[in-house]
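Written out below as structure tokens is the structure these notes cover.
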Amino acid sequence: MTNLERVREKMREKGISAILMTDMANIAWLTGFSGSFGFVLLSQDQARFLTDSRYTIQAGEQVKEMPVAWYQSPTTSDDFIASQIHEMGFKQLCFESAHVTYATFERLRDKLSGVELKGSEDIFSALRMIKTPDEIARVRSACGLADACFAHVSRLIMPGVTEWDVSMEIEFFIRRSGHALAFDVIAVSGENSARPHGHATEKKLEVGDFLTLDFGAKVDGYCSDITRTVVIGEATDRHREIYGQVLKAQLACLDAMKPGARAADIDALARAVFDEIGLAKYFGHGLGHGLGSLVHDAGRMNATSQDILEPGQIWTVEPGVYLPGFGGVRIEDDAVITETGIEILTHAPKGLMVLPG
Ligand code: ZN
Ligand code: ZN
């Protein structure tokens, strides 16, 4: 079944006769359009992609499953959307409640007399969690690029090099490969590595630092998200103990992931491993998240998650321990749920690495 067929099936299930899609992440997922501006009008027997003249050519190339309609100045987007809705003859129209602002709703309502406008619950997140083989292949490519990037940058890591140097080298490698960053590179060392989402600074790497690198590539619209932590110069017993426990937690979680498992239980497993040596209180964030066209795609692996693992989902698994004044360790891989367990998509080495090696 195509994603379009899956959306229509969900609309029937929820009694939604027609919908105006406005969330670009949902629109990109459904249509393949990678630009920044567009709308989709969809019912059981009609579908139309709307954009403006900046994207006429691109939409014509990328949007395969529905006709493209576009407008240009002096027409406004509100007038254009309203005219398309009238043309398609919708008497009732749902919109994405979690995405449309009240101001947009008011503007549309004023132009759509005779059309009943209704808010719709989010029908896309659950669908987007299950990836098609094509989507999985794109994430796999993005993971391959991240692995190659780590291999490249690990050769340059040594005392005296700055966090900023490392972060720029990662960015250059990915962009020079013709792809985009999935998000801003995190490259944090020493005490700075105790900030899970810290920013690279001009701080030089020093012997005894943990250096945490968290980055990802976006290939054909799909993301990878990997974290590796290395030690600079020389590892002490303390480095080995902390790193070893994070790796133990991560391996235990990956091992437990299979269809039917509860995301919250996998998260609890990591915390139990940290608890063995009193580190649980230093693990403040969730274990992982869904991964797809967005880095933080639908799906959460944390204590309050209701998500159940199913074949076709892609998850990050990223336990971490952050000790203020000392440093932090995080290890993150991406894995797709298969019929029997998981396939790990990131393959950069994760035994404790001391660099330069
Ligand atoms: Zn990450
Ligand atoms: Zn992540």
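Values below: all heavy atoms of this structure, side chains included; hydrogens, waters and symmetry mates excluded. Bear in mind the structure is a predicted one, so any value in this text is a computation, not a measurement. Both ligands and their constituent atoms are indexed starting at 1 by order of listing.
For F105, the CZ atom counts as densely surrounded, since its 6.0 Å shell holds more than 12 non-hydrogen atoms of other residues, nucleotides or ligands.
With T212 as the fixed residue, the side-chain contact (heavy atoms from CB on, under 4.5 Å) test singles out one of I331, V329, V188: V188. Only one option out of L205, I232, L355 pairs with P159 in a side-chain contact (heavy atoms from CB on, under 4.5 Å); it is I232.
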query = Taking it one step at a time, do Y55 and F37 satisfy ring pair (Phe, Tyr, Trp, His ring centres under 6.0 Å)?
reply = CA-CA 8 Å; Y55 289 116; F37 183 80; 7.5 Å; no
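For the pair R271 and F283, the cation-pi test (distance below 6.0 Å, angle within 45°) is passed.
The N, O or S atom of H289 with the smallest distance to the Zn ion (ligand 2) is NE2.
Aromatic ring pairs are classed by plane angle as parallel below 30°, tilted from 30° to 60° and perpendicular above 60°; the pair F210 and H239 is perpendicular.
Within the protein, the N, O or S atoms lying under 2.8 Å from the Zn ion (ligand 1) are D214 OD1, D214 OD2, D225 OD1, E332 OE1.
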